[in-house]
Amino acid sequence: MAHVCIHWFRKGLRLHDNPALVYALKECKELYPVFILDPYLYNTQVGINRWRFLLGALKDLDCSLRKLNSRLFVLKGKPEDVFPKLFDKWKVTKLTYEYDTEPYSLSRDEKVTSLAKEHGVDVSYKISHTLYNTERIMEENDGKPPLTFKRLQAIVQKLGPPKKPIPAPTLENMKDVETHCSEENEKKYGIPTAEELGLDLTSLGEELFPGGEQEALRRLDEHMKRTRKHSDPPVSLHGQLLWREFFYTCSVGIPNFNKMEGNPVCTQVDWDTNPECLAAWREARTGFPFIDAIMTQLRQEGWIHHLARHAVACFLTRGDLWISWEEGEKVFEELLLDGDWALNAGNWQWLSASAFFHQFFRVYSPVAFGKKTDKNGDYIKKYLPLLKKFPPQYIYEPWKAPRSVQQAAGCIVGKDYPHPIVQHEQISKKNIQRMKEAYAKRSSDSNESPSKKQGVKRKAPSVIDLLQKKKRKV
DNA sequence: ATGTAGGTTGAGGAA
DNA sequence: ATTCCTCAACCTACA
């Protein structure tokens, strides 16, 4: 008996390396590739650049599906409201999707699965968003997520190489499969335009990073060709994939992973509430050209270099402004095209020395760090053209330039460009002391006995142990 | 168990 | 230009 199948696209907007899609085509007579604009995910915290990226990816996916005599069906609404109607209307017998480990996704998928069962629809998912099954990684580590990269590497070594990506379906695979591409459906389920979504894309600059599978594969290909000698993990591309796996596994095994409170691996810090400083950081007016240039690029282009992320994250949190990493997390989520729930939360904890990374006395200087690789300040000049006439010796610290130099540069600090929001040298020293106190408190909190050192070692993993036991019962 | 090594990329100065 | 040391001293993994 052949199936009427919905394949539900969510994160993996691609045809290759999509085992759930291939599974959907088995014994299938009708296929409905579906994407849902879920108000929970897309109404809040999505910057206009990310919208453009998403629409591009959907168009690319639709285009690829049409080459297979199929198409993408785009719907709006809560998935638990949308699916029951589709099940009835299309007489669906099977639903497939790629497994997604985010807490919201898990609860959403659980709801949809039980609705599907009520409608007599078979549900299948495949793991292909991560290299490995994150549960399997934890199994190899006594049921806990590995908390160091080295440990993850050792586990992965034991598990062997991940499955190779499978090719995209071909016309041959689709020969017995039909998709109803009627004129009426065209209007009803088409990809919405920016205007229909109330977005003004004309305010955006050039699209430097188009969304979609074809562009992604092209970039990967280009990278692999360009890189003659591939470095080793952790800094290689391979290493980056393992870092991704590392944070994904942590995000599955550690409760409240995107928050400080209730997160057992996160050091509890008395961050300040400081809306003015937060706004200055977000809006690129901290008075530190390197920081402001990075925040400008982030807003304009939706992508910034890895080390640039380090610099602004350290500045917002433990380095200078002493604002919670959760605030930075929200801003990155809104603006980064490559924003990802697990990686965002993991890296913010890393950079704020709240978890994984603990050498809080190593503070990135908002002046010196950029100078290391860009003495002339070309990067600053590109994103803050207001400062481009400053000579290299002052471009990272324009407030130190004599009045005459500022006048010659056509930019007066305090008038055309802000004064530095903090005095880095003093404030970072003070903040290191505050971090020290937070760590000391963490040690004493998790340890009743007077011998602190031992207590930390014993108590820390036992918290996770308890949580794991709880989980197993459920 | 207790000590030690290492931790994806700090900064600044000396050699 | 590159490497090493010091600053002050964190955590996790492993022997």
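Hydrogens, waters and symmetry mates play no part in the numbers below; they use all other heavy atoms, side chains included. Residue numbers start from 1 in every chain, and the chains themselves are labelled A, B, ... in the order their sequence lines are given, proteins ahead of strands.
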Using a strict cut-off of less than 4.0 Å between a Lys/Arg side-chain nitrogen and an Asp/Glu carboxylate oxygen, indicate whether [X] and [Y] qualify as a salt bridge.
{"X": "Asp292(A)", "Y": "Arg285(A)", "value": "no"}
{"X": "Glu397(A)", "Y": "Lys371(A)", "value": "yes"}
{"X": "Asp17(A)", "Y": "Arg14(A)", "value": "yes"}

Original post:
With centres under 5.5 Å and planes under 30°, do Trp243(A) and dT8(B) count as stacked?
Top reply: yes
Report the distance from atom [atom1] of [X] to atom [atom2] of [N], rounded to the nearest whole Å.
{"X": "Arg318(A)", "N": "dC11(C)", "atom1": "CZ", "atom2": "C1'", "answer": "14 Å"}
{"X": "Asn347(A)", "N": "dT9(B)", "atom1": "CG", "atom2": "C1'", "answer": "13 Å"}
{"X": "Phe357(A)", "N": "dT12(C)", "atom1": "CZ", "atom2": "P", "answer": "14 Å"}
{"X": "Asn141(A)", "N": "dT12(C)", "atom1": "CG", "atom2": "P", "answer": "13 Å"}
{"X": "Lys371(A)", "N": "dG13(B)", "atom1": "NZ", "atom2": "P", "answer": "11 Å"}
{"X": "Tyr396(A)", "N": "dA11(B)", "atom1": "OH", "atom2": "P", "answer": "12 Å"}
{"X": "Met435(A)", "N": "dC7(C)", "atom1": "CE", "atom2": "P", "answer": "22 Å"}
{"X": "Phe246(A)", "N": "dA13(C)", "atom1": "CZ", "atom2": "P", "answer": "9 Å"}

Expressed as a whole number of Å, how far does the [atom1] atom of [N] sit from that of [M]?
{"N": "dC4(C)", "M": "dG7(B)", "atom1": "P", "value": "16 Å"}
{"N": "dT8(B)", "M": "dT6(C)", "atom1": "P", "value": "24 Å"}
{"N": "dC5(C)", "M": "dA5(B)", "atom1": "P", "value": "15 Å"}

Which nucleotide wins on minimum distance to the side chain of [X], given the candidates [options]?
{"X": "Leu307(A)", "options": "dA11(B), dT8(B), dT9(B)", "answer": "dT9(B)"}
{"X": "Leu147(A)", "options": "dT12(C), dA11(B), dC10(C)", "answer": "dT12(C)"}
{"X": "Ala368(A)", "options": "dG12(B), dG10(B), dT8(B)", "answer": "dG12(B)"}

Original post:
Do His358(A) side-chain and dT12(C) base share a donor-acceptor contact under 3.5 Å?
Top reply: no
**OP:** Decide yes or no, distance alone: a donor-acceptor N/O pair under 3.5 angstrom between the base of dT8(B) and the side-chain of His306(A).
**Re:**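 Pair found.
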**OP:** Determine which nucleotide pairs with dT8(B), using a 3.5 Å limit on both distances of a Watson-Crick or G-U wobble pair.
**Re:** none
Original post:
For dA8(C), which nucleotide is its Watson-Crick or G-U wobble mate, given both distances must be under 3.5 Å?
Top reply: none
**OP:** Verify whether one side chain among His223(A) and Arg218(A) offers a donor that lies under 3.5 Å from an acceptor in the other.
**Re:** no
**OP:** Indicate whether any N or O donor in one side chain lies under 3.5 Å from an N or O acceptor in the other, for Asn263(A) and Gln349(A).
**Re:**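 Result is yes, a qualifying pair exists.
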Original post:
How would you label the contact of Phe369(A) with the nucleic acid (heavy atoms, under 4.0 Å): base, sugar-phosphate, or nothing?
Top reply: sugar-phosphate
**OP:** Check whether any side-chain nitrogen or oxygen of Lys150(A) sits under 4.0 Å from OP1 or OP2 of dG6(B), and answer yes or no.
**Re:** no
**OP:** Could you say whether Arg151(A) or Gln359(A) is positioned toward the 5' end of DNA chain C, judged by the nucleotide with the nearest heavy atom to each?
**Re:**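 Its nucleotide being nearer the 5' end, the pick is Gln359(A).
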Subject >> Plane angle bin for Trp8(A) and Tyr97(A) - parallel if under 30°, tilted between 30 and 60°, otherwise perpendicular >> reply: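 Tyr97(A) and Trp8(A): perpendicular rings.
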